[in-house]
Amino acid sequence: MSIEQSIKDYAKNTGMDLCGIAPVSRFDGAPKGTHPTDFLPGCKSVISVAVRLADGVIQTIFRNFEDGKAGAQGIYGTYGYTIAPNFHLVASVYAIAQFVERTTGYAATPTQVGPLQTGITISQRHAAVAAGLGEFGWHSIVLTPQFGPRNRFGAILTTAELAPDPMYSGVLLCDPTKCNICTTVCPTHALSKYGEKEARRVTYKDKDGDKIYDYCHVDMTKCRIAAHGLMKKLGGDKDLVTSLDATAEEVAAACAGMRAPGLQSSPTWKCGKCLAYCPTGHWKEKFKDTGFSRSLPPAIEW
Ligand code: B12
């Protein structure tokens with residue numbers, strides 16, 4: 001068995017659903033300070049892994065936003081976001097890095113994931129795309145054909161030169177000219193609608209030709225107002241800001257004063273609508289046909 005296949009099998013055995021390998025050359029466009037070689041000099045390959053988010057966990061977001069059961073959202077926070085998937089990823093990328101070092105003799109560095117990160121790290125989303133796991137959705141979250149945006153990613157950097165996977169070239173996973181569900185459900189209008197503002201463009205240099213992706217402009221200040229629940233109408237305990245037009249400084253000050261259970265300084269799981277309502281990844285079968293969600297905006301025809 002090839003070393004690449006044995007790494008993928010090992011990743012599956014640690015509970016990961018997807019695993020792909022990118023050559024470091026696909027990170028040529030990464031901003032200074034976020035390139036894999038900034039964290040591992042001589043890095044030649046980036047292994048990206050994904051763990052799916054359970055349907056039974058995602059549906060708690062619908063219980064909150066459709067049934068008014070705000071407490072259910074904490075299940076998403078724990079099992080779909082800050083605690084369980086992140087710890088699972090931390091354990092998995094650590095074990096895979098050990099496996100790579102033991103079997104190849106080359107150095108392997110596990111990277112930080114999600115809210116367990118401290119400081120600037122590599123972009124897990126870009127690593128997943130570079131490793132061929134999927135492509136950017138308009139909401140800026142990475143879509144995989146299997147799970148849509150309902151995955152979380154981790155990555156391992158290594159000086160081993162591994163055979164790369166091709167970049168994703170399957171069916172188009174997001175067409176913002178036809179679907180505007182994410183921009184419609186966002187409660188703070190943080191995601192620009194298609195054509196409204198200049199899209200963010202990222203270009204991957206690849207031997208098979210450049211791959212270009214456009215995604216929306218995410219107003220991170222507005223996203224944080226929803227994700228942290230800074231207003232009562234967004235599921236917060238108090239109105240920590242009084243307007244959706246609060247400035248970045250006001251939002252930062254409100255977040256700084258928050259306390260959250262678990263390991264985060266502030267709760268960032270109070271929203272997740274762009275991830276929960278995105279139709280890619282068998283949404284209809286998983287959430288509409290089951291009755292878990294009743295109120296998808298009629299933006300596209302099923
Ligand atoms: C901080 C953070 C947040 C903050 C954002 C704060 C901010 N001002 O950025 C908040 C709390 C708001 C947030 C919200 C959410 N987040 Co978040 N977040 C992160 C985190 C931890 C770091 C993001 C970051 O700063 N990365 C570092 C910078 C350098 O990377 P970047 O922004 O992705 O890249 C930009 C550039 O630097 C450049 N670039 C960087 N690298 C490269 C490489 C190449 C080759 C190129 C060409 C360009 C390029 O391009 C980008 C545009 O300029 C990541 C984990 C991670 N390490 O990636 C998760 C992560 C992005 N989040 C994730 C998720 C799921 C969410 C939420 C859905 C959570 C929720 N609330 O329910 C929302 C989604 C909001 C949205 N629509 O985007 C997932 C996305 C999974 C997916 N399927 O794509 C991630 C990847 C965590 C994970 N381990 O899986 N998040």
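For ligands, and for the atoms within them, numbers begin at 1 and follow the listed sequence.
Within the structure, salt bridge (charged side-chain N to carboxylate O under 4.0 Å, His left out) pairs that include any residue of residues 7-31 comprise K8-D165, R26-D206 (at least two apart or interchain).
Those atoms of ligand 1 with a heavy atom of C274 less than 4.0 angstrom away are 77 (N). For ligand 1, the atoms sitting less than 4.0 Å from at least one non-hydrogen atom of F27 are 45 (C), numbered in the order shown with element in parentheses. Using a 4.0 Å cut-off to heavy atoms of L275, the atoms of ligand 1 that qualify are 65 (C), 68 (C). Counting atoms of ligand 1 from 1 in the listed order, those under 4.0 Å from a heavy atom of Y215 are 51 (C), 52 (C).
For ligand 1, the polar-atom distance check against Q124 finds a nitrogen or oxygen pair separated by under 3.5 Å. Below 3.5 Å of separation, one finds no N or O of T203 facing any N or O of ligand 1. Residue H126 has at least one nitrogen or oxygen atom sitting less than 3.5 Å from a nitrogen or oxygen atom of ligand 1, judged on distance alone. In terms of polar-atom proximity, L191 is not counted as a contact of ligand 1, lacking any N or O under 3.5 Å from an N or O of the ligand. Of the polar atoms of R125, at least one N or O is found under 3.5 Å from an N or O of ligand 1, judged by distance alone. No N or O atom of H228 sits closer than 3.5 Å to an N or O atom of ligand 1. For the pair N86 and ligand 1, the shortest N or O to N or O distance does not fall below 3.5 Å. Considering backbone and side-chain N/O atoms, I141 never comes within less than 3.5 Å of an N/O atom of ligand 1.
For the residues V251, T221, T121, the heavy atom positioned nearest atom 27 (C) of ligand 1 is part of T121. Within the set A30, P31, S123, the minimum heavy-atom distance to atom 39 (N) of ligand 1 is found for P31. Across the listed options S25, G154, S140, S140 owns the non-hydrogen atom lying nearest to atom 78 (O) of ligand 1.
With a 4.0 Å cut-off on non-hydrogen atoms, T111 does not touch ligand 1 at all. For T34, every heavy-atom contact with ligand 1 shorter than 4.0 Å involves the side chain, none the backbone. Contacts with ligand 1 closer than 4.0 Å are made by backbone heavy atoms (N, CA, C, O) of R26 only, the side chain lying farther away. Contacts with ligand 1 closer than 4.0 Å are made by no heavy atom of W269, backbone or side chain.
Within the 3.5 Å criterion, the main-chain N or O of C278 finds a donor-acceptor partner in the side chain of R150.
Annotation: cation-pi pair R200/Y213 absent, no NZ/CZ under 6.0 Å from the ring centroid and within 45° of its normal. With F292 as the aromatic partner, K286 does not meet the cation-pi criteria of under 6.0 angstrom to the ring centre and within 45 degrees of the ring axis.
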